[in-house]
Novice: 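Could you have a look at this structure, given as structure tokens, before my questions?
Numbers for residues simply follow the sequence, beginning at 1. Note that these values count all heavy atoms, side chains included, but never hydrogens, waters or copies made by symmetry.
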Amino acid sequence: MNAKAKGYFLGALGAASYGTNPIFAIPLYKCGMDSESVLFFRYLLAIPVIALMMKARGRSFTLRKGDIIPAFAMGALMALSSYFLFVSYKYMGAGIASTLLFLYPIMVAVIMSVFFREKAGLVTAISIALALSGVFLISFKEGGGMVSLTGTAFVFLSALLYAIYLVYVNRSPRLSSMPTLKLTFYVIVAGTVMFGAMSFLGSGVKIPENGLMWANVVCLAVLPTALSFYCTTHAITLIGSTPTAILGALEPLTAVFLGVIVLGEPMTMRIAWGFALVISGVSLIVARGSISTTLMRIRRMFPKKTRNAHHD
């Protein structure tokens, strides 16, 4: 598997695994845990998982002095992004919240265009339009209007912070050259410290009370945290911010699908059409390289006629 194909695969896997967040978090809410405690244990238990992965690959835990602030700043961004998303679950269905999170590719594209003068090609523009059309079909009520203004505000903040994270990791010379596992490890450590402080300053850490609750916490630590962060961060270094962000469409698809199957959330034709549009957008962005090559070959089959400058 070449680097580009590996990047697309990791981006898709990272997005899909992140979409499992609600099926593990919501049962914990129903058992009386708050967002801060859920996220604290989610991040805390992810630390040894990433540490073992680093040891297995022989990675060093040492940070250069100049890397400390950028790495922990990215950890704070990811922690806040996670927090706002988890809070939104209290105001709207998990599938809808995760779908609205997909606004972040637009934010990434705007940031890259405005601040870094990155040109978005026609295929990218079409794929974003398709995917966002699907997002809007899934996210709006049948009679019009958003499902929850408060929940929408929290998801918007989550998406914005995540977009900034994606762009900064890709553009920062220090972070883009840092081994993926090391960056993921310190992002999670920073998040653990932040959620520990938030719980301490709030109502205190609420500890899982039984085996089922612990199983949900462990799953949160492994799938949408350690695995997702690693895959996403590595994908950024291989294929860049914009393709990785657009592949994130698989996150709401996963969340909505699991919401219907596991949490009993409704499935309508409106949502089904939304699925189709989002999948089309993702497929298009993955295939854009081969599409461009094919179009170029077709164009070369019909060369433009040139006029002779002189006639006999």
Novice: Could you tell me whether the side chain of Met54 reaches within less than 4.5 Å of the side chain of Thr184, counting heavy atoms only?
Specialist: no
Novice: Please find the pair of heavy atoms, one from Lys206 and one from Gly32, that lie closest to each other, and give the distance.
Specialist: CD-O, 3.3 Å
Novice: Just grab all the salt bridge (charged side-chain N to carboxylate O under 4.0 Å, His left out) pairs involving residues 99-111, residues at least two apart or on different chains.
Specialist: none
Novice: Got a second to check how far Ser81's OG is from Leu160's CG, nearest 0.5 Å?
Specialist: 9.0 Å
Novice: Applying side chain to side chain donor-acceptor pair (under 3.5 Å), can you list everything that pairs with Thr225, at least two apart in sequence or on another chain?
Specialist: Arg42
Novice: If you look at every heavy atom in Val155 and Ala97, which pair is closest and at what distance?
Specialist: CG1-O, 3.5 Å
Novice: State whether the side chain of Ser88 and the backbone N or O of Leu85 hold a donor-acceptor pair below 3.5 Å, judged by distance alone.
Specialist: yes
Novice: Is the shortest heavy-atom distance from the side chain of Val38 to the side chain of Val217 under 4.5 Å?
Specialist: no
Novice: Checking Tyr91 now: which residues fulfil ring-ring contact (aromatic ring centres under 6.0 Å, His included) with it, not counting sequence neighbours?
Specialist: Phe154
Novice: Decide whether Val218 and Leu212 are clustered together by the hydrophobic rule: side chain heavy atoms of Ile, Leu, Val, Met, Phe, Trp, Tyr closer than 4.5 Å, transitively.
Specialist: no
Novice: Evaluate the criterion side chain to side chain contact (heavy atoms under 4.5 Å, CB included) for residue pair Lys90 and Ser35; output intermediate values, then yes/no.
Specialist: CA-CA 10 Å; Lys90 299 178 180 179; Ser35 300; 3.4 Å; yes
Novice: Identify every side-chain donor-acceptor pair in residues 251-264 under 3.5 Å, counting partners at least two apart or on other chains, and give the distances.
Specialist:
residue, atom, partner, partner atom, Å
Glu251, OE2, Ser98, OG, 3.3
Thr254, OG1, Leu250, O, 2.7

Novice: Which atom names give the shortest non-hydrogen contact between Pro27 and Asn216, and what distance separates them?
Specialist: CB-ND2, 4.1 Å
Novice: What distance do Leu39 atom CG and Leu44 atom CG have between them, rounded to the nearest 0.5 Å?
Specialist: 12.0 Å
Novice: Can you see which heavy atom on Arg270 is nearest to which on Leu137, and at what distance?
Specialist: NE-O, 2.7 Å
Novice: If you round to the nearest 0.5 Å, how far is CG of Leu227 from OG1 of Thr232?
Specialist: 8.5 Å
Novice: Answer yes if Phe229 and Leu52 sit in the same cluster of Ile, Leu, Val, Met, Phe, Trp and Tyr residues linked by side chain heavy atoms under 4.5 Å apart, and no otherwise.
Specialist: no
Novice: Heavy-atom distance under 4.5 Å between the side chains of Leu238 and Leu10, does that happen here?
Specialist: yes
Novice: Tell me if the aromatic rings of Tyr89 and Phe86 count as close, with their centers under 6.0 Å from one another.
Specialist: yes
Novice: Tell me every residue that passes ring-ring contact (aromatic ring centres under 6.0 Å, His included) with Phe40, counting only those two or more places apart in sequence or in another chain.
Specialist: none
Novice: Taking the side chain as everything from C-beta on, heavy atoms only, tell me whether Lys6 gets closer than 4.5 Å to Asn2.
Specialist: no
Novice: Determine whether Thr237 and Asn170 make a side-chain contact, defined as any pair of heavy atoms from C-beta on separated by less than 4.5 Å.
Specialist: no
Novice: Run the ring-ring contact (aromatic ring centres under 6.0 Å, His included) test against Phe72 and tell me which residues pass, sequence neighbours left out.
Specialist: none
Novice: Taking salt bridge (charged side-chain N to carboxylate O under 4.0 Å, His left out) as the cut-off, I'd like each qualifying pair that reaches into residues 153-174, sequence neighbours left out, listed once.
Specialist: Asp67-Arg174
Novice: Got a sec, which pairs hit ring pair (Phe, Tyr, Trp, His ring centres under 6.0 Å) with one end in residues 9-29, sequence neighbours left out?
Specialist: none
Novice: Treat each ILVMFWY residue as a node, draw an edge where side-chain heavy atoms are under 4.5 Å apart, and state whether Ile236 and Phe115 are in one component.
Specialist: yes
Novice: Under the side chain to side chain contact (heavy atoms under 4.5 Å, CB included) criterion, do Phe116 and Val167 qualify, and how do the steps go?
Specialist: CA-CA 10 Å; Phe116 300 100; Val167 172; 3.5 Å; yes
Novice: With sequence neighbours left out, write down each residue that passes salt bridge (charged side-chain N to carboxylate O under 4.0 Å, His left out) with Lys182, or none if nothing qualifies.
Specialist: none
Novice: Under the side-chain hydrogen bond (donor to acceptor under 3.5 Å, both in side chains) rule, what pairs show up with a residue in residues 190-202, not counting sequence neighbours?
Specialist: none
Novice: Would you find a donor on one side and an acceptor on the other, under 3.5 Å apart, between the side chain of Ser37 and the backbone of Met33?
Specialist: no
Novice: Tell me which pairs pass salt bridge (charged side-chain N to carboxylate O under 4.0 Å, His left out) where either residue lies in residues 10-21, with sequence neighbours left out.
Specialist: none
Novice: Rounded to the nearest 0.5 Å, what separation is found between the CG atom of Leu220 and the CG atom of Leu28?
Specialist: 6.0 Å
Novice: Going by ring pair (Phe, Tyr, Trp, His ring centres under 6.0 Å), name the pairs with one or both residues in residues 176-226, residues two or more places apart or in two chains.
Specialist: Phe41-Trp214, Tyr43-Phe195, Phe61-Phe185
Novice: Could you give the distance from SG (Cys231) to CG (Leu247), rounded to the nearest 0.5 Å?
Specialist: 12.0 Å
Novice: Quick check on Ile69: does its CD1 atom have over 12 non-hydrogen neighbours (other residues, nucleotides or ligands) under 6.0 Å away?
Specialist: no
Novice: Less than 4.5 Å apart, any side-chain heavy atom of Leu130 and any of Val278?
Specialist: no
Novice: Any idea which heavy atoms bring Ala226 and Ile50 closest together, and the distance?
Specialist: CB-CD1, 3.6 Å
Novice: Name the orientation class of the two ring planes belonging to Tyr162 and Tyr165 (parallel below 30°, tilted from 30 to 60°, perpendicular beyond 60°).
Specialist: parallel
Novice: Could you give the distance from CG (Leu181) to NZ (Lys55), rounded to the nearest 0.5 Å?
Specialist: 13.0 Å
Novice: Check whether any side-chain heavy atom of Leu80 sits under 4.5 Å from a side-chain heavy atom of Met194, and report yes or no.
Specialist: yes
Novice: Identify the two heavy atoms, one from Ser176 and one from Ser172, that lie closest to each other, and give their separation to 0.1 Å.
Specialist: OG-O, 2.7 Å
Novice: Hey, does Met107 have a side-chain heavy atom less than 4.5 Å from the side chain of Ile164?
Specialist: no
Novice: Does Thr20 use its side chain to pair, donor to acceptor, with the backbone of Ser17 at less than 3.5 Å?
Specialist: yes
